[in-house]
Amino acid sequence: MKEPIIEFKDFSFRYKTQKNPTLHDINLKIYPGEKILILGASGSGKSTLCNCINGLIPFSFEGEIKGSCIVNNTETKKSSIFKLSNTVGTVLQDSDAQFVGLTVAEDVAFVMENDVMPRSDMLPFIDKNLNMVGMREFVDHVPFQLSGGQKQKVAIAGVFGNHVQVLIFDEPLASLDPQMGMTAVALIDDLCRSEEKTVIVIEHRLEDMLYRSVDRIILMGEGTIQADVTPDELLKSDLLKTYGIREPLYLTAMKYAGCDLDSVKNLSDLNSLELSGENTAKLKNFFTEEREPVIEEKHEPVLRFEHVSFNYDGGRNVLEDINLEIYKGERVAIIGKNGAGKSTAAKLICGTIRPTEGKIYLNGTDESGMTIKEIGENVGYVMQDPNTMIVKDIIKDEVGLALTLRKKPQEYIDEKVNKALETCGLYKMRNWPVDSVSYGQKKRVTVAAMMALEPDILILDEPTAGQDYKSYTDIMNFVNTLNKEYGKTILFITHDMHLAIENTDRAIVFADGKMIRSDKVFTVLSDEETIRKAHLKQTSLYTLAVRLGIDPEMAIRHFIEYERTVKTHE
Amino acid sequence: MNNRFVINYTPGPTFLHKLTGFTKVALFMVMTAAIISTFDIRILIPLLLINVAEVISMKPNYKPITIMFLITFVTVTLIGNIMLFVVSPAAGLNNVGAEHILWQSGRFYLSKEFLWYIFVVFVKRTASFASVMAFALATTPSEFASGLNKCGFPYKVCTIVSLAYRTIPDIANDFINIRNSMMMRGLELTGKKVSLWKKLKNTVILLVPMIFTAFGKVGNIANAMDLRGYGKNKKRTWYAEHDASKGDRIIRILTVVLLLLTIYYVVMYRFINPWPAKFWCPWLQPDEIQHINVFDTLFFMKWFKK
């Protein structure tokens, strides 16, 4: 047996500013060349665990360590962050912040610069590292020209600068579109296998990580290790539900179909998992069984694009000849890769930019005659990061801001604010300082701030980004209530295929400035060409249906219909 | 993104662009010292021409440069000179050393030397503007940082420079997004009906989320830098500081020559054999020049006299 490269013994850690330890009773051995997935909900301690390995703890975040953590035969607390960085390379979640150089080459050279390596020695390393991640042609690019996925590749090349043995990836999939995410998972896997590195990935997107095999999964919960198992064992247990991790869709489908999971071999790999005759029959039955279709009512359109094109200062068209209608009470997912024109479309709806050609009608009125402020009374735009929207100290004031700015009488403001707070489940917290609530609650505050103006349309930009399954479910339930009970039209701008499947009726797909598809979610997600053009990814349901020899579109549709009946009965 | 703020992030193709950061920073520092050291038009004009030639040689996008020059420069100079004319018409006498009056009306008068004075100051400012432009156009922020470091500044100071440039476009982007969302909520930031004061006041509201997002970013960047060994050693090398070429050696020699000439000029014409007034003037002989105590000519000084 090889010596472990990382070893925790009765380890615990408490942040200086906190009363209770964030990590406790950690006993863990990681061997060279292993690929480990650390799974856990927000606040489970998974990031803290990794910061103990790379030295951010205790050298950047102070606190109290008990027990021992040995990395590459050295006790971390007696080492230094610099010494540890020679062994452990960390790719942070925010690949934008990680990009400190002003060009790709400079960023990759950063480690070597700090090691006082002469420039002539750096060049071959830069070349080799960029080649490894497939970014060699981009050597002179500046960060502003790169997509999220490309920045992440540069970040990987950047931590390779010195000969690290362990690579830590902190939520590598957080800001990538589905296809880029898939590429990232494949790249991480290749690095682990061909470069013989020990790889530790922190993620809560289990299904996406299982696209390539993982040796071991460490499930974190409540500051300690809850399970240290193989992926197959984990999927067969009910630990996922207990610790708030979303299970893969195909697994959900198998459970719905009543399959016996204990006997399935290779459960964690959809391509090689063995389906017994009995399970196959159950699944086929599940996917083809006719159910009551969801009844649809067509309402009048609230929003209409007529031949809309847009460009900045006479440049290339960012959006070209867009025609679309959005109906009252609809839930629509606007999907497409970064730079495809999704956000531009949202900005056009909000009136912060105006069409170069064509017209946009809001409730039948041409938007070109309306000010941003007037449009704001009908359209509420909720940005991805709530911190970029909050300007007041107290929740109540934040929610009432739009009305205060419109100089409404105080009683009127109070009435609307209270109503919005109640709708959003924040009434009890109305006098709390905004800083004292969690990220997910802040998100609610920003939605409530929009609701105070009683808009018809809510646009949510990546509502679930950076959140675990539990707060994801909370937010989506809340948004669905706004839709069902208050009749709000909801537009989601999102990369998240789960979100689209579970919570929307229609998907509008953008690619290269054009609207390439507008159809039912299951139709869009089973169309190979659309998936490729929009940088989406086939869901595991698609793959499962293909394996069973069933029409994927029908399979996804039946799954959605079944899931919605289950949800309404819950 | 290139040239939108006259900042280049990647080196351009011309001779000056290709120099190393050290050469550029050194040339800029010596050039600035030379321009500061003198009010002598016989030296300022060649310096101005050199810098203008540098700017032209880089084939820049003239639009932002012209706008900057017209708005910040010509306007300021114009307003400044009118104020000067009103407040201190004797500026010519004080600095050039004589007065040949061209026009007079009561307390206000215009002298040949006053015009000479504002002309020389304008040339001097234009020369510094051209020198700053030449430097800004030629240098990427990373070259700036590495060049400064090589000139002897501590590297932690130098990285601040390049990090600032790294984050400016991101912050600008955040600002636009935050502004848009606040405008939808009804904050009035544009439009003819809104007073300038109100626009300013409302912009201040935007600072809260701006600062919070910026702080979050700072923490992340600091961690990212720590994890990659920033601050490990007393020195560091720079990828941006490429090897010196033949062009670099020529420019470095010229820089040294310029430096020596500047020192020679200052020693010679300021201390050993000084011209009797601050400004050299073609139509004045040294014996015509009067020495004036500057304070005597300020219009409010009369109240303090006696």
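Chain letters run A, B, ... following the sequence lines, proteins first, then strands; residues in each count from 1. Here the structure is a predicted model, which means the values were calculated and not measured.
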Is [Y] close to [X] at the side-chain level, that is, under 4.5 Å between some pair of heavy atoms?
X: A:T388; Y: B:N177; answer: no
X: A:V391; Y: B:M182; answer: yes
X: B:Y239; Y: A:M112; answer: no
X: B:E241; Y: A:R119; answer: no

- A:D115 with B:K232: basic N within carboxylate O range, under 4.0 Å: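 Judged by the 4.0 Å cut-off on N to carboxylate O distance, A:D115 and B:K232 do form a salt bridge.
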**Prompt:** Do A:D107 and B:R166 meet the salt-bridge criterion of a basic N to acidic O distance under 4.0 Å?
**Reply:**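 Salt bridge: no.
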Taking every non-hydrogen pair under 4.5 Å, which of [options] racks up the most with chain A?
options: B:I178, B:L206, B:N202, B:N173; value: B:I178
options: B:K234, B:M225, B:K217; value: B:M225
options: B:D170, B:D243, B:L207; value: B:D170
options: B:L227, B:N223, B:I205; value: B:L227

Stepwise side chain to side chain donor-acceptor pair (under 3.5 Å) test for B:T237 and A:E113 = CA-CA 5 Å; B:T237 49; A:E113 291 178 334; over 6 Å; no
With a 4.5 angstrom heavy-atom cut-off, is it the side chain or the backbone of [X] that approaches chain A, or both, or neither?
X: B:T213; answer: side chain
X: B:D174; answer: neither
X: B:M210; answer: neither
X: B:L163; answer: side chain
X: B:S162; answer: both

Exercise for the section: Quick one: do A:L102 and B:S142 satisfy side chain to side chain contact (heavy atoms under 4.5 Å, CB included)? Show the steps, please. Expected result: CA-CA 7 Å; A:L102 283 157; B:S142 327; 3.3 Å; yes
Heavy-atom distances under 4.5 Å only: say whether [X] touches chain B with side chain, backbone, both or neither.
X: A:V379; result: both
X: A:F61; result: side chain
X: A:K347; result: side chain
X: A:L123; result: side chain
X: A:I126; result: side chain

Which distance, rounded to the nearest 0.5 Å, do you find between the [atom1] of [X] and the [atom2] of [Y]?
X: B:R228; Y: A:L92; atom1: CZ; atom2: CG; value: 8.5 Å
X: B:M183; Y: A:I372; atom1: CE; atom2: CD1; value: 3.0 Å
X: A:T352; Y: B:R179; atom1: OG1; atom2: CZ; value: 9.0 Å
X: A:S60; Y: B:D226; atom1: OG; atom2: CG; value: 4.0 Å

I'd like to know whether [atom1] of [X] has more than 12 heavy-atom contacts from other residues, nucleotides or ligands below 6.0 angstrom.
X: A:K392; atom1: NZ; answer: no
X: B:F153; atom1: CZ; answer: no
X: B:F69; atom1: CZ; answer: yes
X: A:Y312; atom1: OH; answer: yes
X: A:E62; atom1: CD; answer: no

What closest approach, in Å, do [X] and [Y] show between heavy atoms, and which atom pair accounts for it?
X: A:N114; Y: B:N233; answer: O-ND2, 2.7 Å
X: B:Y165; Y: A:F144; answer: O-CZ, 4.5 Å
X: A:F82; Y: B:G229; answer: CD2-CA, 3.6 Å
X: A:M389; Y: B:R185; answer: O-NH1, 3.2 Å
X: B:A224; Y: A:A97; answer: CB-O, 4.1 Å

Among [options], which residue forms the greatest number of heavy-atom pairs with chain B at distances under 4.5 Å?
options: A:A109, A:P143, A:S120; value: A:P143
options: A:L401, A:N387, A:L453; value: A:L401
options: A:N54, A:T103, A:N51, A:T371; value: A:N54
options: A:Q98, A:Q93, A:H141, A:M450; value: A:Q98

Q: Pick out which of B:T167, B:I221, B:T159 makes a side-chain contact (heavy atoms from CB on, under 4.5 Å) with A:V100.
A: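 Considering B:T167, B:I221, B:T159, a side-chain contact (heavy atoms from CB on, under 4.5 Å) with A:V100 is found only for B:I221.
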